[in-house]
Amino acid sequence: MMQRLALSWQRALLTLLLTLSPLAHALTAPDGVTLAVLAYRPEALLQRQYEPLVEYLSSASGVPVHLKVLDQEAMTRAVAANGIDFFLTNPSHFLLIRSERSLTGVLATVQRDWKGRSTGSVGGVIFTRANRDDIRELADLRDKRIGSPGVQFLGGYQAPLLELEAAGLDVRRRGRITYLGNHDRVVRAVVAGDVDAGFIRTGVLEELQENTPGLADELRVLNPQRLRGFPFRASTRLYPEWPLVALPHVDNGVVRRVASALFALEPGHPAVRSAGLTGFSPPADYQSVESLARELRLPPYDHAPRVTWLDVLEQYRPWLLAVGVLLFLLLVTSAWLGRQKRQLVREERRLRELVASWPQPMLIIRGRDLVECNRAAVELLRYGSPASLVGKELAAFSHHIQPDGQVSSQKLSNLLLRVEMGDVATTEWVFVRSDASDIWVEMTLAPVYEYGFDSPAVLCSWYDITRRKQAEERMRLAVMVFDNAREAIFVTDEHGVIMDINDAYCRITGRTSGMAIGMPPPLPMDEGSGVLVTARKQGVWSGEFLSRTHDGRRLVLNLTLGAVFDDHSRLTHFVGVFSDITKIKETERKLRAMAHYDALTGLPNRVLFADRLHQSMAQAKRHDYQLGVIYIDLDEFKPVNDAFGHDAGDDLLVEMARRMRTVLREEDTLARLGGDEFAAIAVNVSGEEALESLLSRLLAAVSEPVWVASHSVTVSVSVGYTLYPQPGELDADQLLRQADQAMYQAKRRGRNGYCGFSENLL
């Protein structure tokens with residue numbers, strides 16, 4: 001009780017002293033106020049830079065302002081003794097002072113200037129000598145000596161330290177940092193080689209290089225940042241600039257006048273230009289600086305607060321009561337858990353029985369060996385009893401190498417390690433049955449925690465996927481066939497729009513994949529979408545048709561188009577296969593020409609003539625008109641052939657065929673039966689007189705002189721003819737024989753004439 005009373009008197013006395021301290025200072029301090037600036041660079045230099053600012057504040061505020069340039073320790077002592085009224089320091093030092101003394105808050109934040117560009121942010125610069133090839137990045141600073149102005153310098157220590165720790169370097173633990181007091185000493189130490197690298201705040205290098213132009217070539221900045229709008233080189237992220245702070249004992253009127261003078265400064269004013277500033281802005285948010293100090297556990301956040309048991313009881317009384325209740329509940333729960341453990345043992349026994357009777361293959365693995373398996377697993381591997389599996393590894397029933405290329409034993413070890421760590425692993429595995437056949441399974445391994453064991457067992461289940469893998473293999477082969485087939489293959493949707501094609505499609509049609517997909521496939525022009533309708537109804541359509549390549553080349557395609565239906569008999573796709581049979585058709589055409597046309601004259605031969613004669617006879621009977629069958633033989637052809645050679649004879653035959661073809665009508669047929677014998681079919685003749693008129697013109701055309709082998713040759717023909725239909729039923733061979741007999745009668749009459757068939761000739 002006496003101790004608590006004494007403590008209350010001490011607190012009251014301290015409060016009274018703090019209350020009277022500003023009054024005492026006001027009564028005893030000389031006229032004016034004092035502004036302290038942190039000596040982050042040489043004191044004389046800062047004295048010259050900030051003297052114009054102090055003179056301006058004295059003039060603008062009406063209060064004499066005195067300047068002091070102090071290092072961190074001196075400034076901290078001056079604040080504690082109320083020896084200064086305002087101070088300008090870095091944000092980290094400000095946080096330390098704020099934690100030790102009561103402050104009114106930040107009055108303004110500095111805005112620095114560099115060649116007309118203003119910034120309210122500060123960062124750190126990590127640099128080394130330019131000739132240090134062994135230091136190129138932050139990782140190279142491991143075990144290197146580093147110079148720094150001091151622990152409470154934001155840009156010169158804390159910001160670079162955070163970047164190094166983010167890169168995995170703990171330079172504080174290795175004790176390789178040398179504290180040199182200010183930034184200029186750090187730069188000199190790096191240039192002189194006293195340290196390997198240095199930490200300074202942004203802007204210092206640029207100021208020093210203004211006075212020492214060669215300094216830029218001697219130093220190299222590490223981890224350079226690309227910060228848009230920031231005028232200085234930096235190696236770290238940015239934080240708010242220096243705060244200007246008023247101490248609590250300063251009169252509010254003086255604070256307002258000084259603040260007004262600060263905010264009234266224009267960027268080009270000599271007072272701020274001398275200090276390298278553009279002016280002052282409203283206070284910035286220094287939460288990021290506080291977070292930085294907390295993360296690095298730097299003063300004032302380097303020590304946890306001292307807490308007594310009384311404080312704990314006072315503050316956490318409800319929680320302690322709750323903990324007591326929880327302890328009681330824990331005892332009750334422990335008793336309940338004991339009973340549950342016994343029940344768990346019974347459940348484990350029941351689970352094992354369930355696994356043994358489960359229709360899906362199930363096994364239990366402990367370590368690497370099988371300790372239990374059910375009947376389904378034994379039957380899947382086609383063994384006689386569980387004893388054949390128990391006590392062995394899974395790898396004993398597998399090939400040495402799995403299909404994915406992994407060694408079976410190594411793959412199993414990796415899976416079991418994952419399961420022991422609490423994961424559930426699923427993989428595909430190929431086992432070898434007792435009859436040496438392979439079986440694919442999807443294997444799932446899960447941890448099973450059993451009472452009385454420190455490490456979990458592994459519950460292993462198999463699912464037979466052999467059919468699925470076989471289907472996948474068939475699909476893979478189908479894809480290979482699709483891609484490598486010489487026939488063009490295409491797949492369309494239910495509307496006949498192409499969805500996919502193979503390379504042969506592009507090669508045959510001359511269309512690229514991009515040109516073909518989304519377009520209809522080649523189809524017969526005369527049927528078009530009717531092909532799709534037929535394939536939909538009948539399941540397949542097959543046929544040949546003319547088409548063209550992308551560049552217009554003529555094609556003959558042989559297409560088979562099939563419809564694809566789903567399980568509900570709904571049309572889903574069409575699959576088409578076609579091949580280019582242009583060369584085959586051309587060969588067929590040539591073969592047909594050789595089989596049906598005379599090679600010398602190009603006229604139909606005996607086979608084609610007989611076919612056309614059958615057709616003409618049928619049409620004559622159907623349309624009730626007459627046709628004439630004409631048999632023609634050249635007179636005196638052999639002497640010409642013998643006299644001038646076979647080539648001359650061939651030329652004569654060609655010319656005779658041409659002349660006779662010009663006399664006959666377009667619908668008539670002229671054929672060469674062999675040698676110098678020809679035959680003709682004259683359709684729709686009005687009678688024997690009209691036919692004889694045609695034959696007279698034929699004789700006249702043939703008898704004209706022919707120039708053969710440089711000689712004029714005159715030949716004639718003997719012609720026999722017959723008409724159809726006749727009273728009796730005749731076939732084509734009989735008609736041709738009648739005309740042949742009439743032709744021989746014409747030759748016997750003296751040649752160069754024609755003769756009609758009659759019964760008297762028989």
Side-chain angles (χ1 to χ4, degrees), residues 590-620 627-642 646-683 685 691-692 694-699 701-703 706 708 713 715-724 726 730-749 751-757 761-762:
K590 291 180 179 179
L591 291 175
R592 283 197 304 271
M594 293 174 62
H596 295 91
Y597 290 88
D598 178 54
L600 177 63
T601 62
L603 296 176
N605 60 11
R606 183 183 293 272
V607 175
L608 183 57
F609 178 81
D611 181 66
R612 290 189 179 179
L613 181 56
H614 281 93
Q615 296 178 15
S616 299
M617 291 171 65
Q619 290 179 358
L627 61 84
V629 179
I630 306 169
Y631 204 103
I632 306 168
D633 184 78
L634 291 180
D635 299 329
E636 302 298 336
F637 173 71
K638 188 174 184 303
V640 175
N641 203 38
D642 294 341
H646 291 290
D647 291 341
D650 290 344
D651 292 342
L652 177 61
L653 290 174
V654 171
E655 177 61 21
M656 291 300 103
R658 186 191 66 79
R659 291 183 181 182
M660 288 186 286
R661 180 68 264 179
T662 57
V663 173
L664 295 174
R665 296 168 298 176
E666 186 67 28
E667 62 269 21
D668 298 337
T669 297
L670 176 65
R672 183 188 178 200
L673 302 183
D676 58 353
E677 294 180 344
F678 297 84
I681 303 172
V683 300
V685 295
L691 181 59
E692 290 180 352
L694 174 66
L695 296 179
S696 297
R697 294 195 302 273
L698 179 66
L699 293 174
V702 171
S703 61
V706 181
V708 175
V713 176
V715 296
S716 62
V717 293
S718 296
V719 180
Y721 70 88
T722 185
L723 294 174
Y724 179 83
Q726 298 178 15
L730 298 174
D731 59 19
D733 290 338
Q734 290 174 318
L735 284 177
L736 189 60
R737 283 197 298 271
Q738 288 181 358
D740 186 17
Q741 292 171 3
M743 183 271 296
Y744 278 107
Q745 183 64 29
K747 278 187 177 290
R748 285 194 293 269
R749 291 178 180 179
R751 303 181 180 179
N752 192 23
Y754 55 82
C755 179
F757 175 79
L761 297 177
L762 298 176

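This structure is a prediction, so every number in the text was calculated from the model and none was measured.
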Original post:
If only atom types and distance count, is the side chain of R665 paired as donor or acceptor with the main-chain N or O of V683 below 3.5 Å?
Top reply: yes

**OP:** Using a 4.5 Å cut-off on heavy atoms from C-beta on, say whether the side chain of H646 contacts that of N641.
**Re:** yes

**OP:** Could you check if a side-chain atom of C755 sits within less than 4.5 angstrom of a side-chain atom of Y744, using non-hydrogen atoms only?
**Re:** no

**OP:** Decide side chain to side chain contact (heavy atoms under 4.5 Å, CB included) for R659 and V706; before the verdict, give the C-alpha distance in whole Å, the side-chain angles of both, and the deciding distance to 0.1 Å.
**Re:** CA-CA 11 Å; R659 291 183 181 182; V706 181; 3.5 Å; yes

Original post:
Looking at side-chain heavy atoms only, is the closest gap between D633 and V717 below 4.5 Å?
Top reply: no

Original post:
Can you tell me how far CD1 of I630 sits from CG of L723, rounded to the nearest 0.5 angstrom?
Top reply: 9.5 Å

Subject >> Heavy-atom pair of closest approach, residues A679 and F609 >> reply: CB-CZ, 3.6 Å

**OP:** Decide yes or no for M656 and D676: does some side-chain heavy atom of the first lie under 4.5 Å from some side-chain heavy atom of the second?
**Re:** no

**OP:** Output the distance between atom CD (E692) and atom CG (L699), rounded to the nearest 0.5 Å.
**Re:** 10.5 Å

Subject >> Nearest-0.5 Å distance, CZ of residue F757 to CD of residue Q734 >> reply: 9.5 Å

**OP:** Please report the C-alpha distance between R748 and Q745 in whole Å, then the side-chain angles of each, then the deciding distance to 0.1 Å, and finally whether the side-chain hydrogen bond (donor to acceptor under 3.5 Å, both in side chains) criterion is met.
**Re:** CA-CA 5 Å; R748 285 194 293 269; Q745 183 64 29; 2.6 Å; yes

Original post:
Does any N or O in the side chain of Q619 come within less than 3.5 Å of the main-chain N or O of S616, such that one atom is a donor and the other an acceptor?
Top reply: no

Subject >> For the student: nearest non-hydrogen atoms of M617 and L730, plus distance >> reply: CE-O, 3.5 Å

Original post:
Is there a donor-acceptor contact under 3.5 Å from the side chain of N605 to the main chain of L608?
Top reply: yes

**OP:** Could you tell me the separation between the CZ atom of R672 and the CG atom of D598, rounded to the nearest 0.5 Å?
**Re:** 4.5 Å

Original post:
Among all residues two or more places apart in sequence or in another chain, which pass the side-chain contact (heavy atoms from CB on, under 4.5 Å) test with D642?
Top reply: K638

Original post:
What's the spacing between T601 OG1 and M660 CE if we round to 0.5 Å?
Top reply: 8.5 Å

Subject >> V663, I681, L698, L664 screened by side chain to side chain contact (heavy atoms under 4.5 Å, CB included) with L670, the one that passes >> reply: L664

Original post:
Are any non-hydrogen side-chain atoms of L653 and F637 less than 4.5 angstrom apart?
Top reply: yes

Subject >> Over all atoms of both residues, closest heavy-atom pair of A739 and T722 >> reply: N-CG2, 4.1 Å

Subject >> Q726 and L735, any side-chain heavy atoms less than 4.5 Å apart >> reply: yes

**OP:** Measure the shortest side-chain to side-chain distance between E655 and V708 over non-hydrogen atoms and say whether it is less than 4.5 angstrom.
**Re:** no

**OP:** Working to the nearest 0.5 Å, report the span between CD of Q615 and OG1 of T669.
**Re:** 9.0 Å

**OP:** Compare every heavy atom of Y724 with every heavy atom of A620, then report the nearest pair and how far apart it is.
**Re:** CB-CD2, 4.4 Å

**OP:** Determine yes or no for a side-chain-to-main-chain donor-acceptor pair under 3.5 angstrom, with D650 supplying the side chain and L600 the backbone.
**Re:** no

Original post:
Would you say Y631 and L673 make side-chain contact, with heavy atoms under 4.5 Å?
Top reply: yes

